[in-house]
Novice: 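My structure is below; once you've seen it, I'll send some questions.
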Amino acid sequence: QVQLVESGGGLVQAGGSLRLSCAASGSIFSINTMAWYRQAPGDQRESVATISRGGGTSYSSSVKGRFTISRDNAKNTVYLQMNSLKPEDTAVYYCYADVRRAITEIWSVEVWGQGTLVTVSS
């Protein structure tokens, strides 16, 4: 079984910064794509940023230039540095990982974290 544990959420004023972390643990052979999603009240979950195992990144247009996703493959951890935060960034942020659990398994499984709340006050 694989678990993702997020940390780093909280309350911040507009214009401030936060750094989210997400550590994967359990039965892990390798992790392919890792990503951050978010869901605001009443809205659907949306992709914020993704990063491949090799470090290739992509961002939603709403956060590009303000957020930076990175990962440490040795620690099975993904980060999201959020700068110049806006009230519209308020949401529960979820970590995602596409995990290959064992060398004997050619498939991967999708794993989600429990979410961490980010609140940006105006």
Novice: Name the orientation class of the two ring planes belonging to Phe67 and Tyr93 (parallel below 30°, tilted from 30 to 60°, perpendicular beyond 60°).
Specialist: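 Because their plane-to-plane angle lies in the 30° to 60° range, the rings of Phe67 and Tyr93 count as tilted.
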Novice: Which atom names give the shortest non-hydrogen contact between Leu4 and Ala24, and what distance separates them?
Specialist: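 Scanning both residues, the minimum pair turns out to be CD2-CB, 3.4 Å.
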Novice: Flag yes if Val5 and Ile69 sit in one hydrophobic cluster, no otherwise; membership is Ile, Leu, Val, Met, Phe, Trp, Tyr, and two members link when side-chain heavy atoms are under 4.5 Å apart.
Specialist: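 Unlinked, Val5 and Ile69 end up in two clusters.
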Novice: Take Tyr79 and Asp72 through the test side-chain contact (heavy atoms from CB on, under 4.5 Å) and record every step on the way to the result.
Specialist: CA-CA 8 Å; Tyr79 307 95; Asp72 184 333; 4.2 Å; yes
Novice: Find the distance between OG1 (Thr33) and CZ (Arg53) and round it off to the nearest 0.5 Å.
Specialist: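 Going from OG1 on Thr33 over to CZ on Arg53, the span is 11.0 Å.
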Novice: Are Ile106 and Val99 connected in a single hydrophobic cluster, I mean Ile/Leu/Val/Met/Phe/Trp/Tyr linked by side-chain heavy atoms less than 4.5 Å apart?
Specialist: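 Both belong to a single hydrophobic cluster.
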Novice: For the atom pair CD (Glu46) and CD (Gln39), what is the distance rounded to the nearest 0.5 Å?
Specialist: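 Output value for this atom pair is 9.5 Å.
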Novice: Using every non-hydrogen atom in the two residues, find where Ser122 and Pro87 come nearest and quote the distance to one decimal.
Specialist: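 Taking Ser122 first and Pro87 second, the nearest heavy atoms are CB-CG, 3.8 Å.
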Novice: Do the non-hydrogen side-chain atoms of Trp112 and Arg45 ever get within less than 4.5 Å of each other?
Specialist: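 Answer yes - side chains close enough.
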Novice: Could you work out, with side-chain hydrogen bond (donor to acceptor under 3.5 Å, both in side chains) as the rule, every residue matching Asn32, not counting sequence neighbours?
Specialist: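 With neighbours one apart ignored, the set is Asp98.
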Novice: Minimum heavy-atom separation for Thr90 and Val120, please, with both atom names.
Specialist: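 Looks like OG1-N, 2.9 Å.
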Novice: Applying ring-ring contact (aromatic ring centres under 6.0 Å, His included), name anything that partners Tyr59, two or more places apart in sequence or on another chain.
Specialist: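 Once residues adjacent in sequence are excluded, Tyr59 has no partner under the ring-ring contact (aromatic ring centres under 6.0 Å, His included) criterion.
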Novice: Taking Ser27 for the side chain and Arg101 for the main chain, is one N or O donor matched with an acceptor at less than 3.5 Å?
Specialist: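 Between the backbone of Arg101 and the side chain of Ser27 there is a qualifying donor-acceptor contact (under 3.5 Å).
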Novice: Do Ser60 and Ser47 have a side chain donor and acceptor closer than 3.5 Å?
Specialist: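 Their side chains do not contain a donor-acceptor pair, so the 3.5 Å distance test is not met.
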Novice: Would a single hydrophobic cluster contain both Met82 and Val63, if residues Ile, Leu, Val, Met, Phe, Trp and Tyr are joined by side-chain heavy-atom contacts under 4.5 Å?
Specialist: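 Same hydrophobic cluster.
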Novice: Have Glu6 and Tyr94 got a donor and an acceptor in their side chains that come within less than 3.5 Å?
Specialist: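 Their side chains do not contain a donor-acceptor pair, so the 3.5 Å distance test is not met.
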Novice: Got a donor-acceptor contact below 3.5 angstrom from the Arg100 side chain to the Glu105 backbone?
Specialist: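 Flag set: sc Arg100 to bb Glu105 pair under 3.5 Å.
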Novice: With sequence neighbours excluded, what pairs up with Ser25 under the side-chain hydrogen bond (donor to acceptor under 3.5 Å, both in side chains) test?
Specialist: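 For Ser25, no residue satisfies side-chain hydrogen bond (donor to acceptor under 3.5 Å, both in side chains) once neighbours in sequence are set aside.
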Novice: Ignoring hydrogens, what is the shortest heavy-atom contact between Ser70 and Ile51? Give both atom names and the distance.
Specialist: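 Nearest pair, atom of Ser70 first, then Ile51: CA-CD1, 3.8 Å.
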Novice: Stepwise, does the side-chain contact (heavy atoms from CB on, under 4.5 Å) test hold for Asn73 with Ile31?
Specialist: CA-CA 8 Å; Asn73 290 332; Ile31 302 178; over 6 Å; no
Novice: Charged N to carboxylate O below 4.0 Å: is that the case for Asp89 and Arg38?
Specialist: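 Salt bridge: yes.
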Novice: Quick one: pull up SG in Cys95 and OH in Tyr37 and give me the separation to the nearest 0.5 Å.
Specialist: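 Cys95 atom SG to Tyr37 atom OH measures 11.0 Å (nearest 0.5 Å).
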Novice: Whether the side chain of Arg71 engages the backbone of Ser52 through a donor-acceptor N/O pair (distance < 3.5 Å, no angle test) should be reported.
Specialist: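 At least one qualifying donor-acceptor pair exists.
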Novice: So how far is it from Ile28 CD1 to Asn76 CG, rounded to the nearest 0.5 Å?
Specialist: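 Those atoms lie 4.5 Å apart.
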Novice: Would a single hydrophobic cluster contain both Val111 and Val92, if residues Ile, Leu, Val, Met, Phe, Trp and Tyr are joined by side-chain heavy-atom contacts under 4.5 Å?
Specialist: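 No: no chain of side-chain contacts under 4.5 Å links Val92 to Val111.
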Novice: State, to 0.1 Å, how close Ala49 and Leu80 come at their nearest heavy-atom pair, and which atoms those are.
Specialist: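 Answer, listing the atom of Ala49 first, then Leu80: CB-CD1, 4.2 Å.
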Novice: Quick one: CE on Met34 to SG on Cys22, what's the gap to the nearest 0.5 Å?
Specialist: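 Answer for the CE-SG pair, Met34 versus Cys22, is 5.0 Å.
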Novice: For the residue pair Gly9 and Val118, what are the closest heavy atoms and their distance?
Specialist: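 Minimum heavy-atom separation between Gly9 and Val118: CA-CG2, 4.2 Å.
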Novice: So how far is it from Gln13 CD to Leu85 CG, rounded to the nearest 0.5 Å?
Specialist: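 If I round to the nearest 0.5 Å, the distance is 11.5 Å.
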